[in-house]
Trainee: 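One structure coming up, written as structure tokens, with questions to follow.
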Amino acid sequence: MLFRLSQTLTDRWSRTFARTVRATYRQDEAYASTPMGRFWLWVALALLLLLPLLLPPYPMYVVVLIAIAAVGALGLHLLVGGAGQISLGHAAFLGIGAYTASHLAGPLAVVGILLGGVLAGLIGVVLGLPSLRIKGAYLAIATLALQFLADYVFKRWEAVTGGIRGRTLPPAEFLGIPLPGADALWYLVLLFAIPLFFYAKRLLSTRAGRLWYAVRDNDLSARLSGVDLTRAKLTAFAVSAFYAGIAGGLLANLYKSITPENFVLTFSIQYLAMVIVGGAGTVLGAVLGATFVVLIPEVLNAIVGAFGPQFAPSFAAWRNVVFGVLILMFLILEPLGLVGLWGRIRDYFRTWPLPY
Amino acid sequence: MTPILEAHDLALAFKGVRALNGVSFTVNPGDFFAVIGPNGAGKTSLLNVLSGLYRPQQGTVRFLGEDLSGVSPQERARRGLGRTFQNLELFRGMSVLDNVKLGAELAMGAYSALTPDTRKEWAIRRWAEEVLDYLHLAPHRHKHAGALPYGLQKRVEVARALAGKPKLLLLDEPMAGLSLEEKQDLARFLLDARREWGVTMVLVEHDLKAVLELSTGVLVMSYGEVLYLGEPGGVRDNPRVAEAYLGRSA
């Protein structure tokens with residue numbers, strides 16, 4: 001009797017909680033379809049919500065930076081990893097989002113950020129136009145032109161951008177609740193970042209993803225499979241710029257003061273680095289890449305701090321070198337990026353303690 | 001019975017090289033129409049004209065009674081003109097399933113890409129699985145298409161084209177490079193698809209034996225000209241074909 005009961009219980013347990021087999025097509029496509037997957041998803045979400053209670057102010061500030069960078073990197077990932085188009089003008093879209101948000105700040109922060117995203121998306125379509133004719137390095141140069149153009153406009157259109165002095169923002173508010181510091185702003189960032197994360201994932205696993213991957217892999221076949229190349233490419237640019245615009249708006253609300261210096265070419269390249277280091281192919285990669293690229297300068301600063309302040313000036317110059325070498329090492333040693341690394345660590349523990 | 005495809009007096013030249021010169025033929029619904037000819041005869045050029053990649057300098061193509069001049073390749077695909085390639089043109093970085101799903105969208109109706117439609121996605125998935133099952137590709141569904149062996153890649157390409165439920169499928173040497181066994185499998189798949197899904201096929205092929213056994217109509221080309229058009233039974237006895245294609249002097 002007891003044996004039967006225990007057998008039923010363990011059976012139920014393994015069927016409901018320890019299920020690892022995806023038996024139906026629906027489970028095969030669903031996100032976090034196994035109970036364990038769902039469990040970890042909820043744990044991760046809960047952890048994100050509780051983070052400001054767990055971290056001191058400065059690390060929290062860095063985490064907010066990472067989350068914002070992740071939103072921007074997600075957008076670039078959809079474009080580069082998804083549709084296979086390159087862009088050196090990502091910072092320009094962050095700038096468009098940021099300046100738009102700077103005009104609709106304070107109580108209107110949410111509206112301003114959204115509008116910044118939409119505006120960036122529209123201009124993204126314009127940037128996408130050259131991609132209909134040119135590819136690869138040529139497209140990179142064309143997007144570079146937009147980057148410089150945007151830089152010029154940010155500096156000279158003083159009525160809107162405040163010129164080189166930039167603009168300052170009042171603290172953001174959400175439904176009348178003021179969000180003064182990074183830990184309060186965190187929830188506003190999550191409000192945008194979590195839906196955008198899942199939206200990107202969903203896009204890549206449904207029709208949009210297939211269209212983009214098709215354009216990336218083989219545009220001849222794509223056309224003969226009925227794919228409208230023009231439309232697929234322009235949507236990719238628009239969505240990518242929308243994400244960047246949102247990230248820019250959030251960044252403006254975090255910094256509370258923006259200047260053209262915040263949106264220069266280096267910034268665009270950093271975003272490309274996030275996508276490359278994170279590993280093309282998955283949405284998680286963009287997030288891991290953003291974490292890496294934002295954390296590296298912080299870690300290097302901490303190391304310099306440990307050596308003593310007298311090394312700070314000379315080390316600042318070396319920081320970019322270290323950064324560059326790290327990215328090169330990633331490309332050579334782990335071409336799949338952090339996602340590849342994560343996959344191997346996971347497989348190691350899945351089969352632990354027997355390696356095969 | 002209205003013909004599904006009518007090519008009338010097609011001419012195509014690349015800087016003096018006449019790839020097609022006055023090619024006319026008709027394909028009726030349910031046909032298994034073969035185009036054969038020696039290398040450089042203009043067979044692939046003909047398919048490229050039909051699917052809209054090349055614009056002929058002269059002549060017209062009518063598909064389902066409608067003139068196709070000025071219609072883009074993607075629009076032709078949407079109207080039911082499928083195509084496979086001689087040198088594989090798969091989406092190599094996509095899974096086999098996604099390759100077939102992309103084709104299936106043509107049949108199941110596309111939706112606006114930025115607002116994922118779960119019900120349409122399920123319909124696409126179910127149909128894609130049916131096609132995968134049909135072509136015995138189900139065990140490979142989650143593999144990257146580019147990582148499969150050559151024979152399977154050829155089959156994925158046929159699967160992707162069939163998933164779009166084309167009314168007319170243009171096959172460019174689907175059997176080239178396959179082993180005898182793979183050729184027999186593929187021939188069976190194609191014949192079944194024609195019978196069960198009513199797909200009319202135009203096939204470019206080098207394997208003369210396979211063509212004469214399978215086809216219902218044959219077009220023999222050489223240097224862009226039509227040498228023979230008619231029943232497969234008459235090909236071997238035609239002196240012009242024998243001279244140009246089989247290399248025997250008549």
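Letters A, B, ... mirror the listed sequences (proteins, then strands); counts begin at 1. These numbers come from a predicted model, not from an experiment.
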Trainee: Where does Tyr111(B) contact chain A at under 4.5 Å (heavy atoms): side chain, backbone, both or neither?
Mentor: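 For Tyr111(B), the contact with chain A is made by backbone and side chain together.
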Trainee: How far does OG of Ser225(A) sit from NZ of Lys101(B), to the nearest 0.5 angstrom?
Mentor: 15.5 Å
Trainee: Side chain, backbone, both or neither: which part of Arg160(B) has an atom under 4.5 Å from a heavy atom of chain A?
Mentor: side chain
Trainee: Minimum heavy-atom separation for Ala113(B) to Leu203(A), with atom names?
Mentor: O-CD2, 3.6 Å
Trainee: Closer than 3.5 angstrom, by distance alone: can the side chain of Tyr199(A) be matched with the main-chain N or O of Leu114(B) as a donor-acceptor pair?
Mentor: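 Side chain of Tyr199(A) to backbone of Leu114(B): a pair is present.
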Trainee: Side chain from CB out, backbone as N, CA, C, O: work out which of these in Ile124(B) comes under 4.5 Å of a heavy atom of chain A, or both, or neither.
Mentor: side chain
Trainee: Are Leu102(B) and Leu211(A) side-chain neighbours, meaning at least one heavy-atom pair lies under 4.5 Å?
Mentor: yes
Trainee: Minimum heavy-atom separation for Asp98(B) to Arg210(A), with atom names?
Mentor: O-CD, 3.7 Å
Trainee: For Thr235(A), which atoms come within 4.5 Å of any heavy atom of chain B: side chain, backbone, both, or neither?
Mentor: side chain
Trainee: Counting heavy-atom pairs closer than 4.5 Å to chain B, which one of Ala214(A), Ala222(A), Gly209(A) comes out on top?
Mentor: Ala214(A)
Trainee: Which heavy atom of Gly226(A) sits nearest a heavy atom of Ala77(B), and at what distance?
Mentor: N-CB, 3.6 Å
Trainee: Find the one option among His142(B), Lys120(B), Arg83(B) whose heavy-atom pairs under 4.5 Å with chain A are most numerous.
Mentor: His142(B)
Trainee: Drop me the distance from Arg92(B)'s CZ to Asp217(A)'s CG, to the nearest 0.5 angstrom.
Mentor: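 It comes to 9.0 Å.
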